[in-house]
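Reading through the structure tokens given below for one structure.
Note that this is a predicted model, so its numbers are computed, not measured. Numbers for residues simply follow the sequence, beginning at 1. For ligands, and for the atoms within them, numbers begin at 1 and follow the listed sequence.
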Amino acid sequence: MSQPTRRQVIGWGLAGATMTAVGAIGLWQGRRPQGAPRSPRIRPTTDGSAAGDGTGPGAWAEPQVLASADGVLELGLEAAPTTVTIDGRSASVWTFNGSLPGPTVEVSAGDTLRIRMSNRLAGPTNLHVHGLHVSPRGAGDDPFVTIAPGEAHDYEFVLPDDHPPGTYWYHPHHHGHVAEQLAAGLYGVIIVRDTQPVPVTRERVLVVSDPLLTADGDLAEPSPRERMMGREGRQVLVNGQVRPRLEAAPGERERWRIVNACPSRFLRLRLEGQTMLLLARDQGRLREPVETSTVDLAPGNRAEILVEATEGTSTLVAAPVDRGAMPGMMGGRRPGGGGPLELLRLEVGGKPVDRRGAVEAVPEPRDLRGEDVARRRTLDFAMGGMGGGMMGNGAMMSFTINGQEFDAERTDVSVRAGDVEEWTLVNSSPMDHPVHLHVWPVQVIDDGDGAQDEPRWADVVNVPAFGQVRVRVAFGDFTGRTVFHCHILDHEDLGMMGTIEVA
Ligand code: C2O
Ligand code: CU
Ligand code: CU
């Protein structure tokens, strides 16, 4: 096992209270700047503060934005080992195009997005556009593609004209390597532009990630136990930085697009002292923004929030989340344990400005509760079969759906195109499993805590330990074969993934 020793962990600094230095990572410091096949329009980040060069401790930085023009965006993404600076120290990670996170891709509904994905890693990889409602066929969002080291693959994603605006993301999806490649730094944001504008002072992208690094800043190998729990890095970064600092004037309203790109870590976000409203989650806007004190993001989830600055200095924290434990786990660190982690600091000061205009309500989305259900299914997410002692000897528990581990050759769920189905997601294990379906968003009917009032659309739904959740899915627009899985990506890599074919 090459789990970092306790000394190394302390050396690298536990995130949160014990961190004193606040560092910044240069988004432009990567050693492998890469050109795109054809130059897309590159727009500087909207915030005039420190964004862009990312120099200086605590400086705010966001990934470069590549925006579509005239209905098309073409770009290259190269996954490669890269040396970056995190918290003032050099770290060896894997990035897209030399930046951590990779570039932000901005498109509109109806656009065509072409990406040449190149693999400069030592192992196989591929690319997935998480949450986008696009075809899994042809050069589309096909999770069965293998891009061998040194090779490239040309993807083409065609967004339907009515694609919901919102915050989505991209990451590699090669079975067996997904957790490893996300924990190493491979992810980026996809924005589908608004159709109804939201009046704000500025927009920010916040990619939250927890790379798994040793004290020396090298990629760490998780222990078997960490894999079964779902690996969690010791430091939680925002846009590749440790606790960056933001400034706003009283009365300003910001829109934050937050992505949980951690392979396993659940985020319970709080921002005390300022007003926080939930604007959108995963798939589309809420009818109207709702004031909230807490935003919960399972791995893979996104939320858009409005932050209305009032006064003083506030900290965005990730509070600990109990996501269960492994069967027979005696003592030791529970996943999600520890104190609250500080993600960023917002300093409100200067001359007050007038609040921006009201946020208009958006039309209610489709509601499948009134529609005919063609078929009902139950999917059981389970962990078991622990042979021998689990610690130290490398023995692994099995991670299954309806008793089976992932097999790319087998089709687990066959659906008739156009049908609405109702799925009951059962968790018969003592750990939470955030369940994710590709291509088709799901409507949450009952999240385990009770039925929903408004139609709530998502693409990752947490199924609590020993709990169950009911969703409905409308299999419209596309046919083809893809996957559903637990978005604790170690669980997915260990087998908790199934295949689905819509024909
Ligand atoms: Cu975000 Cu199948 O993944
Ligand atoms: Cu996905
Ligand atoms: Cu899981």
Exercise. Hey, is Arg302 close enough to Asp459 for a salt bridge, meaning N to O under 4.0 Å?
Worked result: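 Looking at Asp459 together with Arg302, the answer is yes, because their closest N to O distance falls below 4.0 Å.
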Exercise. Is the shortest distance from a Lys or Arg side-chain nitrogen in Arg369 or Glu364 to a carboxylate oxygen in the other one below 4.0 Å?
Worked result: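 Here Arg369 does not pair with Glu364 in a salt bridge, since their nearest N and O are not under 4.0 Å apart.
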For this session: Give, for atom CG of Leu186 and atom NE2 of His177, the distance between the pair rounded to the nearest 0.5 Å.
Result: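 NE2 of His177 is found 12.5 Å from CG of Leu186.
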For this session: To the nearest 0.5 angstrom, please state how far the CG atom of Leu341 sits from the CZ atom of Arg234.
Result: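 Nearest 0.5 Å value for the CG-CZ distance: 12.0 Å.
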Exercise. Leaving out waters, which are not shown anyway, how many protein N, O or S atoms lie closer than 2.8 Å to atom 1 (Cu) of ligand 1?
Worked result: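 Number of qualifying protein atoms: 3.
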Exercise. How close do Asn462 and Pro434 get, heavy atom to heavy atom, and via which atoms?
Worked result: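 Heavy atoms of Asn462 and Pro434 come nearest at OD1-N, 3.5 Å.
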Exercise. With under 30° as parallel and over 60° as perpendicular, where do the rings of His173 and His171 fit, or are they tilted in between?
Worked result: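 His173 and His171: parallel rings.
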Problem set entry | Aromatic ring pairing Trp423/Phe475, orientation class (parallel under 30°, perpendicular over 60°, tilted between) |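 Trp423 and Phe475: tilted rings.
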Exercise. Of all N, O or S atoms in His433, which has the smallest distance to the Cu ion (ligand 3)?
Worked result: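 For His433, the N/O/S atom sitting closest to the Cu ion (ligand 3) is ND1.
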Exercise. Looking at His491, which of its N, O or S atoms is the nearest one to the Cu ion (ligand 3)?
Worked result: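 In His491, the heteroatom (N, O or S) nearest the Cu ion (ligand 3) is ND1.
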For this session: May I have all residue pairs that pass side-chain hydrogen bond (donor to acceptor under 3.5 Å, both in side chains) and include part of residues 488-499, sequence neighbours excluded?
Result: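 Those involving residues 488-499 are His175-Glu492, Arg231-Asp490, Asp412-Thr499, His433-His491.
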Problem set entry | Pairing residues for Gln468 by the side-chain hydrogen bond (donor to acceptor under 3.5 Å, both in side chains) criterion, not counting sequence neighbours |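 side-chain hydrogen bond (donor to acceptor under 3.5 Å, both in side chains) list for Gln468, sorted by chain: empty.
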Exercise. The Cu ion (ligand 2): which protein N, O or S atoms are under 2.8 Å away?
Worked result: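 Result, waters dropped: His128 NE2, His436 NE2.
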Exercise. Is a side-chain N or O of Asp210 found less than 3.5 angstrom from the main chain of Glu232, in a donor-acceptor match?
Worked result: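 A pair under 3.5 Å: no.
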